[in-house]
Amino acid sequence: MASLTLGRAGKMAMVAGPLGWGLALFLAVLVSGPISGGHVNPAVSVSLAAIGKFPLAKVAHYVVAQYLGAFMGAVLVYWIYIDVTWDGADGIEQFDGGVRAVLPEPSATAHIFATFPQAHVGTGAAFLDQLMGTALLLVAIRTAQSTGSPLQAASVIGASLTAIGLGLSHNCMGALNPARDLAPRVFSSMAGWGASVFSIRGYNWFWVPVLGPHLGGLLGVLIFHFFATAAPAKADNQESPPTSISLDEDKPGRYLLSLHHIEGLRLKAYKEDLDLSTEQSMYLSYVAPILFFYYFSIKVLLSRKETFALSRR
């Protein structure tokens, strides 16, 4: 949000933002999945634990780590963007002139750190927005757990966040993650924005991107469980595809890789025995098209921005 706000992206941020968030989540899940299970959202951790797909004993320290990580991320963003000194670029200090404000002020910068609703959106509608958006995200995550490999799972999760952001970020910026919203909000209140980041709408907003995603996550896993259990049972001699990424496993490093749903082929191998050519084909089949989509979309956005700048001259 810092680059989009300070770069005055305008309406193009409605597309560039979800693309960037989806790619960031894709990389986060891909890198941290084999180590910790790819948990970057307390709504995900709590929801999976509620249905027995994540150890309850790990929830507390995972959630603490998620909030601390989000807080430190806000600190880094502030440190990087507070005072940009090179020609033609604005930092937070240059953008708002030292007057820290929240939306809908034209020079507002608080939304770099936390989400705020549009003036025309009621608190109830915003809560429903967060509830449904996070429910969709959890359905996507539970689906990604059976895709067959960490690359496929990370791709599905990242692309799903982009799709949800494109469809549901207009009303209240699409937090979908309590840690991503509350921890930076606390930091911004300490860094010059004060109580205004909490007092908006008479203190009747800041709780929405915290409670909404938690309840939405529970709703999402219940929806997935209902339809998954309603599916026809498999034959006793038919093996189920292994979980692709270890969001619900006690030993994240030990997972199976699988290629399936491709002309009925089901090729399984342990991670340490996986042939390099198979790994390369998986990358080309599932990751490369998504990266190309991100690259092409950003190129289109940049060309439109240049055209818009020339037209204004």
Side-chain angles (χ1 to χ4, degrees), residues 1-28 31 40-41 66-118 158 161-162 164-166 168-198 200 205-206 209-210 213 294-295 297-302 304-306 308-309:
M1 283 304 298
S3 59
L4 296 176
T5 301
L6 303 177
R8 294 175 171 83
K11 292 183 178 180
M12 288 189 294
M14 295 297 295
V15 176
L19 287 172
W21 298 328
L23 182 58
L25 184 59
F26 160 73
L27 293 173
V31 171
V40 294
N41 186 339
Q66 288 155 357
Y67 275 95
L68 287 177
F71 187 90
M72 291 308 301
V75 172
L76 289 174
V77 168
Y78 181 83
W79 179 66
I80 292 171
Y81 286 102
I82 183 60
D83 188 14
V84 178
T85 56
W86 57 85
D87 293 338
D90 284 340
I92 295 174
E93 193 69 32
Q94 291 78 18
F95 186 89
D96 62 12
V99 180
R100 306 293 184 252
V102 302
L103 292 173
E105 294 296 326
S107 61
T109 48
H111 59 286
I112 290 175
F113 300 96
T115 61
F116 295 88
Q118 296 276 10
L161 181 63
T162 293
I164 295 169
L166 289 171
L168 294 174
S169 63
H170 177 68
N171 284 344
C172 48
M173 304 174 66
L176 310 180
N177 184 335
R180 166 259 181 274
D181 191 89
L182 182 59
R185 193 182 299 272
V186 171
F187 170 77
S188 63
S189 71
M190 300 165 57
W193 285 265
S196 62
V197 298
F198 286 98
I200 184 173
W205 163 253
F206 74 91
V210 177
Y294 285 133
Y295 171 78
S297 300
I298 292 172
K299 289 284 287 184
V300 171
L301 288 171
L302 291 176
R304 289 188 62 185
K305 185 176 181 180
E306 293 174 358
F308 177 72

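These values consider heavy atoms only, across backbone and side chains, with no hydrogens, waters or symmetry-generated copies. For this chain, numbers begin at 1 and follow the sequence in order.
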Among residues at least two apart in sequence or on other chains, which ones pass side chain to side chain donor-acceptor pair (under 3.5 Å) with [X]?
{"X": "W193", "result": "T109"}
{"X": "E93", "result": "R100"}
{"X": "T5", "result": "H111"}

About how many Å separate [atom2] of [Y] and [atom1] of [X], when rounded to the nearest 0.5 Å?
{"X": "L176", "Y": "L161", "atom1": "CG", "atom2": "CG", "answer": "6.5 Å"}
{"X": "Q66", "Y": "R180", "atom1": "CD", "atom2": "CZ", "answer": "14.5 Å"}
{"X": "L23", "Y": "T162", "atom1": "CG", "atom2": "OG1", "answer": "8.0 Å"}

Which pair of heavy atoms, one from [X] and one from [Y], lies closest together, and at what distance?
{"X": "Y67", "Y": "P178", "result": "OH-CB, 3.4 Å"}
{"X": "V40", "Y": "A28", "result": "CG1-CB, 4.4 Å"}
{"X": "M14", "Y": "S169", "result": "CE-OG, 3.9 Å"}

Verdict with reasoning, V75 to F71, per side-chain contact (heavy atoms from CB on, under 4.5 Å): CA-CA 6 Å; V75 172; F71 187 90; 3.9 Å; yes
Salt bridge (Lys or Arg N to Asp or Glu O under 4.0 Å) pairs, two or more places apart, involving residues 13-24: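 Qualifying pairs: none.
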Side-chain donor-acceptor pairs of residues 182-191 under 3.5 Å, sequence neighbours excluded:
from : atom 1 : to   : atom 2 : distance (Å)
R185 : NE     : D181 : OD2    : 3.2
R185 : NH1    : V197 : O      : 2.8
R185 : NH2    : T115 : O      : 2.8
R185 : NH2    : D181 : OD1    : 3.3
R185 : NH2    : D181 : OD2    : 2.7
S188 : OG     : P184 : O      : 3.3
S188 : OG     : R185 : O      : 2.8
S189 : OG     : V186 : O      : 2.6

side-chain contact (heavy atoms from CB on, under 4.5 Å) evaluation trace for Y81 with F95: CA-CA 10 Å; Y81 286 102; F95 186 89; over 6 Å; no
Parallel, tilted or perpendicular, as decided by the 30° and 60° cut-offs, for the rings of Y78 and F113: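 Geometry flag for Y78 against F113: tilted rings.
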For I200, side chain to side chain contact (heavy atoms under 4.5 Å, CB included) partners two or more places apart: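 Partners of I200 under the side chain to side chain contact (heavy atoms under 4.5 Å, CB included) test: F116, P117, W205.
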Check: V102 main-chain N/O paired with E105 side-chain donor or acceptor under 3.5 Å: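 No: the side chain of E105 does not pair with the backbone of V102.
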N41 side-chain N/O to A179 backbone N/O, donor-acceptor pair under 3.5 Å: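 Between the backbone of A179 and the side chain of N41 there is no qualifying donor-acceptor contact (under 3.5 Å).
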Stepwise side-chain contact (heavy atoms from CB on, under 4.5 Å) check, D83 with I92: CA-CA 6 Å; D83 188 14; I92 295 174; over 6 Å; no
